[in-house]
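We name chains A, B, ... by the order of the sequence lines, and we start the count at 1 in each one.
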Amino acid sequence: MRTTAFHLVTRKETPQDAEIISHQLMIRTGMIRKLGAGLYTWAPLGLRVLQKIENIIREEMNAAGGLEMLMPAVQPKELWKESGRIEDFGGQLLAIHDRAERDYFFGPTHEEVMTDFVRNEINSYKQLPINFYQVQTKFRDEIRPRFGVMRSREFIMKDAYSFHLTPESLEATYQSMKQAYTNIINRIGLDFRCVLADSGAIGGSGSQEFHVIADSGEDAIMYSDTGEYAANLEKCEAVSLLNERKAPTEDLQKVSTPGQKTIDELCDFLKVCNKQTIKTLLFEGVEKPVALVVRGDHSLNEVKAVNLAAVASPLRMLDEEEIKGITGCEAGSIGVRGLDATIIVDRTVANMNDFICGANENDFHFSGVNWQRDANFDSIEDLRDAMAGDPSPDGEGSLQVARGIEVGHIFQLGNKYSTAMNAVVLNEQGKSQALEMGCYGMGVTRMVAAAIEQNHDDKGIIWPANIAPFSVAILPMNYLKSERVKHAADELYENLKAKGIEVILDDRKVRPGFMMSDFELLGIPHQVIIGDRSLDENQVEYRNRTDMEPTKVSRDTIESMLMDSIKV
RNA sequence: CGGAACGUGGCGCAGCCUGGUAGCGCACUACAAUGGGGUUGUAGGGGUCGGAGGUUCGAAUCCUCUCGUUCCGACCA
């Protein structure tokens with residue numbers, strides 16, 4: 001490709017609405033342009049990268065036995081009524097209708113369409129297991145799109161769906177998908193972790209997420225420093241930090257704490273450590289209000305909370321009026337003694353003794369509170385966010401924290417959809433049986449942004465070799481005036497092209513500094529600078545984008561050197 | 001959806017408070033010089049100031065409504 005025949009429009013200035021580096025660089029390089037909130041045009045440069053990622057995904061999916069297909073983006077509302085997921089997805093569904101006022105959704109995901117396809121196509125256990133996938137445009141009406149294509153409303157996802165007669169068969173395919181995802185991200189060249197995850201609106205029993213490690217990541221992931229354990233913070237098991245409950249040593253005492261509302265204020269006032277206190281949080285329950293109790297220095301994990309049977313979904317904290325009605329006090333003085341609510345305590349809280357809590361009376365707390373003697377709870381659950389330094393739940397090492405960008409999520413759905421939508425096969429005994437189902441999503445557009453988050457410097461993008469839009473950039477100095485330079489550049493360009501190398505030759509009438517800055521921004525891995533100065537010695541200059549160290553290379557060997565470093 | 005802010009050539013912004021000629025930088029076009037790190041000069045093209053209504057002799061500027069966008073909180077590949 002010659003730049004004059006390509007669409008290359010770079011910008012020196014950072015767009016005002018781009019917060020994170022990948023978004024900034026994608027706009028500055030001209031890979032994408034914004035059309036509206038969460039809507040982006042992929043220019044030719046960006047599409048080259050996107051398609052490379054798609055191709056790697058296709059190759060690995062095919063190698064793992066996946067069968068590519070393509071479903072409509074527009075889905076009849078009736079299918080969603082069958083699965084009962086309209087409520088789960090809520091406002092994220094883009095509702096549309098046709099001229100006859102029939103209702104449709106623009107697909108945010110395709111479990112329904114796929115299950116419909118399969119219940120018509122698959123009738124016998126002999127057709128199983130099978131794994132279909134597609135690479136397709138989705139639309140989710142995110143409440144707050146941001147970070148460019150990282151959280152856009154329209155995006156491209158690879159989604160796969162597998163079907164099985166038995167949970168064992170599902171497990172086997174699930175593991176092969178996990179391996180395929182590992183291969184994909186390794187080939188793209190990114191640092192990632194596979195972590196345990198909450199399955200959210202998609203549902204099912206078990207799921208894992210693939211996170212590309214980056215400081216700008218929206219998720220916190222916890223991992224053992226010495227063991228295998230890794231989980232999304234929202235899922236990460238938090239163990240009890242106290243092995244056993246010690247016997248009471250203090251008497252129950254009501255202490256005056258005028259105006260002390262937050263845990264921090266209370267601890268300052270009483271000169272105690274926040275590890276001696278508990279937080280009692282009141283939520284709407286299914287039958288009666290629920291009090292969720294965590295230690296003063298811990299934070300409630302909202303995903304764990306909403307997953308509790310006694311807690312109403314969606315999660316809602318009681319307001320001031322409701323709190324007053326139950327406790328007679330304000331939010332800062334709630335405590336567990338004599339509280340009329342279902343009391344669920346965190347594992348650590350269950351083992352505390354001599355602790356401090358609100359007295360359900362404004363400006364008073366209790367100290368020296370002990371379970372059984374002074375108060376009781378209904379059950380013990382894992383309620384809190386795990387913290388760095390906690391023992392790993394599998395007993396191996398302690399937990400560390402990192403930020404991650406979720407690029408993939410794999411689920412064992414079991415028969416949730418097949419039962420709801422009556423997708424059955426006849427088994428060997430001729431009996432009708434609901435299908436076991438798995439689904440496997442990967443954010444293709446997001447992967448591009450994630451790759452940039454992990455591979456850039458102050459000058460621009462540093463593309464990993466396998467997804468770079470071009471492998472080699474030829475930068476001729478004074479191409480339009482020096483016949484010698486033009487000849488050498490054209491010759492190298494044609495030779496590399498003939499060998500199947502993706503090469504871009506900058507034949508624009510721009511000055512050298514401009515040209516070099518442009519290609520640093522673009523992040524092309526291998527750059528060859530050709531000018532009269534080095535041609536005098538029958539040499540060209542080579543640099544790679546990673547270290548930018550210039551190396552003089554003889555004209556005779558530059559081609560083979562490039563071929564070696566690219567390893568086609 | 002709640003809270004905040006912003007809409008002025010393709011991009012980044014000034015002008016608005018105190019109403020009267022629409023301006024700057026980048027980008028773009030042409031010419032010239034320059035030619036190994038975003039070079040310089042000269043000359044150009046491009047904006048009904050988000051939209052509608054109002055106040056006024058006169059509105060980018062003041063008022064009302066509306067649309068859009070972005071940022072902060074609950075969702076997810």
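Using a 4.0 Å heavy-atom distance criterion, Glu234(A) is classed as making no nucleic acid contact. In this structure, Leu315(A) reaches neither bases nor backbone, as no heavy-atom distance under 4.0 Å exists between it and the strands shown. Residue Gly408(A) is classed as a sugar-phosphate contact, given heavy-atom separations below 4.0 Å to backbone atoms only.
Residue-to-nucleotide proximity on RNA chain B shows that, of Asn478(A) and Arg151(A), the 5′-proximal contact is made by Asn478(A). For the pair Val444(A) and Glu302(A), nearest-nucleotide mapping onto RNA chain B gives the more 5' position to Glu302(A).
Out of rC76(B), rG36(B), rA77(B), the shortest distance to the side chain of Met157(A) is found at rA77(B).
The side-chain hydrogen bond (donor to acceptor under 3.5 Å, both in side chains) pairs that include a residue from residues 439-449 of chain A are Ser162(A)-Tyr440(A), where partners are two or more places apart or lie in different chains.
Computed from coordinates, the Met516(A) CE to rG36(B) P distance equals 8 Å when rounded to whole Å. Going from atom CG of Leu480(A) over to atom P of rG36(B) covers 14 Å, rounded to whole Å. Taking atom CG of Leu522(A) as the reference point, atom C1' of rG37(B) lies 15 Å away to the nearest angstrom. Between Phe210(A) atom CZ and rA77(B) atom P there is a gap of 14 Å when expressed in whole angstrom units. As a whole-Å value, the separation of Arg508(A) CZ from rA27(B) P is 12 Å. Per the geometry, CG belonging to Asp219(A) stands 12 Å off P belonging to rA74(B), to the nearest Å. In this structure, CD of Glu520(A) is placed 12 Å from C1' of rG36(B), rounded to the nearest angstrom. The interatomic distance linking Lys509(A) (NZ) with rC31(B) (C1') rounds to 10 Å, in whole Å.
Across rA30(B) and rC13(B), the matching C1' atoms stand 27 Å from one another, rounded to whole Å. A gap of 49 Å separates the P atoms of rA4(B) and rA43(B), to the nearest Å. Look at the C1' atom in both rA77(B) and rG44(B): the space between them is 49 Å, to the nearest Å. rU69(B) and rU8(B) have their C1' atoms separated by 15 Å, given to the nearest Å. Separation of the C1' atoms belonging to rG9(B) and rA27(B) is 11 Å when rounded to the nearest angstrom. Nucleotides rG45(B) and rA5(B), compared at atom P, are 40 Å apart to the nearest Å. With both ends at atom P, the span from rA33(B) to rG12(B) equals 36 Å, rounded to whole Å. Taking atom C1' on both nucleotides, rC16(B) is separated from rA22(B) by 12 Å, rounded to a whole Å.
The partner of rU18(B) cannot be assigned: no Watson-Crick or G-U wobble pair with both contacts below 3.5 Å exists in any strand. Remark: rG2(B) base-pairs with rC72(B); criterion is Watson-Crick or G-U wobble with both hydrogen-bond distances under 3.5 Å. Judged by Watson-Crick or G-U wobble contacts below 3.5 Å, the nucleotide rG45(B) has no partner. Across the strands present, rC65(B) finds its partner in rG51(B); the criterion is a Watson-Crick or G-U wobble pair with both atom distances under 3.5 angstrom. For rA32(B), the paired base is rU40(B) (Watson-Crick or G-U wobble, both distances below 3.5 Å). The nucleotide rC13(B) finds its pairing partner in rG23(B), both defining distances of the Watson-Crick or G-U wobble pair being shorter than 3.5 Å.
Heavy-atom distances under 4.0 Å link RNA chain B to Glu541(A), Arg543(A) of residues 540-552 of chain A, given in residue order.
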Pairs under 3.5 angstrom, nitrogen or oxygen only, protein versus nucleotides 38-46 of chain B, please.
from, atom 1, to, atom 2, distance (Å)
rG38(B), O2', Lys12(A), NZ, 3.1
rG38(B), N2, Asp518(A), OD1, 3.2
rU39(B), N1, Arg511(A), NE, 3.4

Each nucleotide N or O in nucleotides 69-72 of chain B that has a protein N or O under 3.5 Å away: list the pair and distance.
from, atom 1, to, atom 2, distance (Å)
rU69(B), OP1, Ala37(A), N, 3.2
rU69(B), O3', Lys34(A), NZ, 3.3
rC72(B), OP2, Arg144(A), NH1, 2.6
rC72(B), OP2, Arg144(A), NH2, 2.2
rC72(B), O5', Arg144(A), NH2, 3.4

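Comment: Asp507(A) does not engage Lys486(A) in a salt bridge, judged by the lack of any side-chain N to carboxylate O separation of less than 4.0 angstrom.
In this structure a side-chain-to-backbone donor-acceptor pair under 3.5 Å is missing from Glu537(A) to Ser534(A). For Asn186(A) (side chain) and Thr182(A) (main-chain N/O), a donor-acceptor pair under 3.5 Å exists by modelled atom type. With His110(A) contributing its side chain and Thr115(A) its backbone, the two residues share no donor-acceptor pair below 3.5 Å. With Lys158(A) contributing its side chain and Gly441(A) its backbone, the two residues share no donor-acceptor pair below 3.5 Å.
Taking the centre of each ring, Trp463(A) and Phe470(A) stay at or above the 6.0 Å mark.
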Ring pair (Phe, Tyr, Trp, His ring centres under 6.0 Å) between Phe132(A) and Tyr161(A): does it pass, once the steps are laid out? CA-CA 5 Å; Phe132(A) 297 108; Tyr161(A) 307 86; 9.1 Å; no

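Ring orientation note: the planes of Tyr40(A) and His23(A) are nearly perpendicular, at an angle over 60° on the 30°/60° scale.
You'll find the side chain of Ser22(A) reaches within 4.5 Å of the side chain of Glu453(A), heavy atoms only. In this structure the side chain of Leu522(A) never reaches within 4.5 angstrom of the side chain of Arg28(A), judged on heavy atoms.
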Acceptor/donor pairs from residues 51-64 of chain A side chains to any protein atom, 3.5 angstrom cut, sequence neighbours excluded:
from, atom 1, to, atom 2, distance (Å)
Lys52(A), NZ, Ala468(A), O, 3.1
Lys52(A), NZ, Glu502(A), OE1, 2.2
Glu54(A), OE1, Arg58(A), NH1, 3.2
Asn55(A), ND2, Gln51(A), O, 3.2
Arg58(A), NE, Glu68(A), OE1, 2.9
Arg58(A), NE, Glu68(A), OE2, 2.9
Arg58(A), NH2, Glu68(A), OE2, 3.1
Glu59(A), OE1, Arg187(A), NH1, 3.1
Glu59(A), OE1, Arg187(A), NH2, 2.7
Glu60(A), OE1, Asn183(A), ND2, 3.4
Glu60(A), OE2, Arg187(A), NH1, 2.9
Asn62(A), OD1, Tyr133(A), OH, 2.8
Asn62(A), ND2, Arg58(A), O, 3.2

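Qualifying ring-ring contact (aromatic ring centres under 6.0 Å, His included) partners for Phe155(A), counting only residues two or more places apart in sequence or in other chains: none.
Judged by atom type and distance alone, Ser534(A) reaches the base of rG36(B) through a side-chain donor-acceptor pair under 3.5 Å.
Applying side chain to side chain contact (heavy atoms under 4.5 Å, CB included) to Leu318(A) and the options Val290(A), Leu281(A), Leu282(A), Ile334(A) leaves one that passes, Leu282(A).
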